[in-house]
Amino acid sequence: MTARVIGVLALQGDVPEHLRALEDAGARALPVRRPEELHQLDGLVIPGGESTTLWRLSVAFDMLDPLRKLIASGLPAFGSCAGMIMLADRLADGAAGQLTYGGIDMTVRRNAFGRQVDSFESDITLSNLAAAPRAGLDGSDATALRAVFIRAPWVEENGENVAVLGTEQRTGRIVAVRQGQLLATAFHPELTPDRRIHELFVDIVKDNT
Ligand code: GLN
């Protein structure tokens, strides 16, 4: 079976790290930044960076409406950090007029962990992660994941169709969720060698096509 084609939105943010992680997880990955590049995709990754910049550049590149429509009509998407913010139906502490692509029935609070901890590493407690058994094969703890947070959001409130996949161990806050073919993490799995989150997304894309 041919590899699924997954685009990484390349308006801003850590694009090369996601491209590498997706290739590691068995997909064909390519950067996308124009509406006409979107029709070829089986899935889309929205990288971390700065959500207000992603919003403004999406408007400038005529990507906001096409991405909203594609995501609403079922294109699998995975957002990390600022990407999680872009997939939220509702924002807390958004900038004035800040728009998202939406898709996940949740309220995401921007910069939620506070300025004194702009950036930190922490363990995540994983649940409902279909790809988790792969990690357990080498004897590691399949229910824990080391994660990097950079001015990270958290999920403040989520609808009943949103599955919680991970909580940050120190605060207990929700930092990984899935709603159908949409996946979001407040942390950056592309910056650590553990590929379970990207493997899960590639599995979601395969199940969808
Ligand atoms: N705080 C950023 C925002 O609001 C997200 C930070 C990140 O993606 N690392 O978009």
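Each ligand, and each atom within it, is numbered from 1 in the order the structure gives.
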Inset, instruction - Heavy-atom distances under 4.0 Å are what count here, so tell me which part of Arg151 touches ligand 1: side chain, backbone, both or neither. - result: both
Legend entry - Student check: side-chain heavy atoms of Leu30 and Glu37 closer than 4.5 Å: no
Inset, instruction - Specify whether Phe149 and Phe120 have parallel, tilted or perpendicular ring planes, treating 30° as the upper limit for parallel and 60° as the lower limit for perpendicular. - result: parallel
Legend entry - Asp105 side chain near Arg90 side chain, heavy-atom distance below 4.5 Å: yes
Legend entry - NZ or CZ of Arg170 within 45° of Phe113 ring axis and under 6.0 Å: no
Inset, instruction - Taking only heavy atoms of Asn111 into account, list the atoms of ligand 1 that are under 4.0 Å away from them. - result: 1 (N), 2 (C)
Legend entry - Pair Gln169, Thr125: side-chain N/O donor-acceptor within cut-off below 3.5 Å: yes
Inset, instruction - Apply salt bridge (Lys or Arg N to Asp or Glu O under 4.0 Å) to the pair Glu23 and Arg195, showing each step before the final yes or no. - result: CA-CA 10 Å; Glu23 298 271 349; Arg195 291 295 182 235; over 6 Å; no
Legend entry - N or O contact, Cys81 vs ligand 1, cut-off under 3.5 Å: no
Legend entry - Among Gly13, Ser51, Gly49, Pro153, closest by any non-hydrogen atom to atom 5 (C) of ligand 1: Gly49
Legend entry - Contact (N/O only, under 3.5 Å) between Ser80 and ligand 1: no
Inset, instruction - Find out whether Pro31 and Val8 are in side-chain contact, i.e. whether some heavy atom of one side chain is under 4.5 Å from a heavy atom of the other. - result: no
Inset, instruction - Could you list the atoms of ligand 1 found under 4.0 angstrom from a heavy atom of Gly48? - result: 8 (O)
Legend entry - Ile150-ligand 1 polar pair, N/O distance under 3.5 Å: yes
Inset, instruction - Could you tell me whether Ile85 approaches ligand 1 through its side chain, its backbone, both or neither, with non-hydrogen atoms closer than 4.0 Å? - result: side chain
Legend entry - Heteroatom proximity flag, Thr52 to ligand 1, N/O under 3.5 Å: no
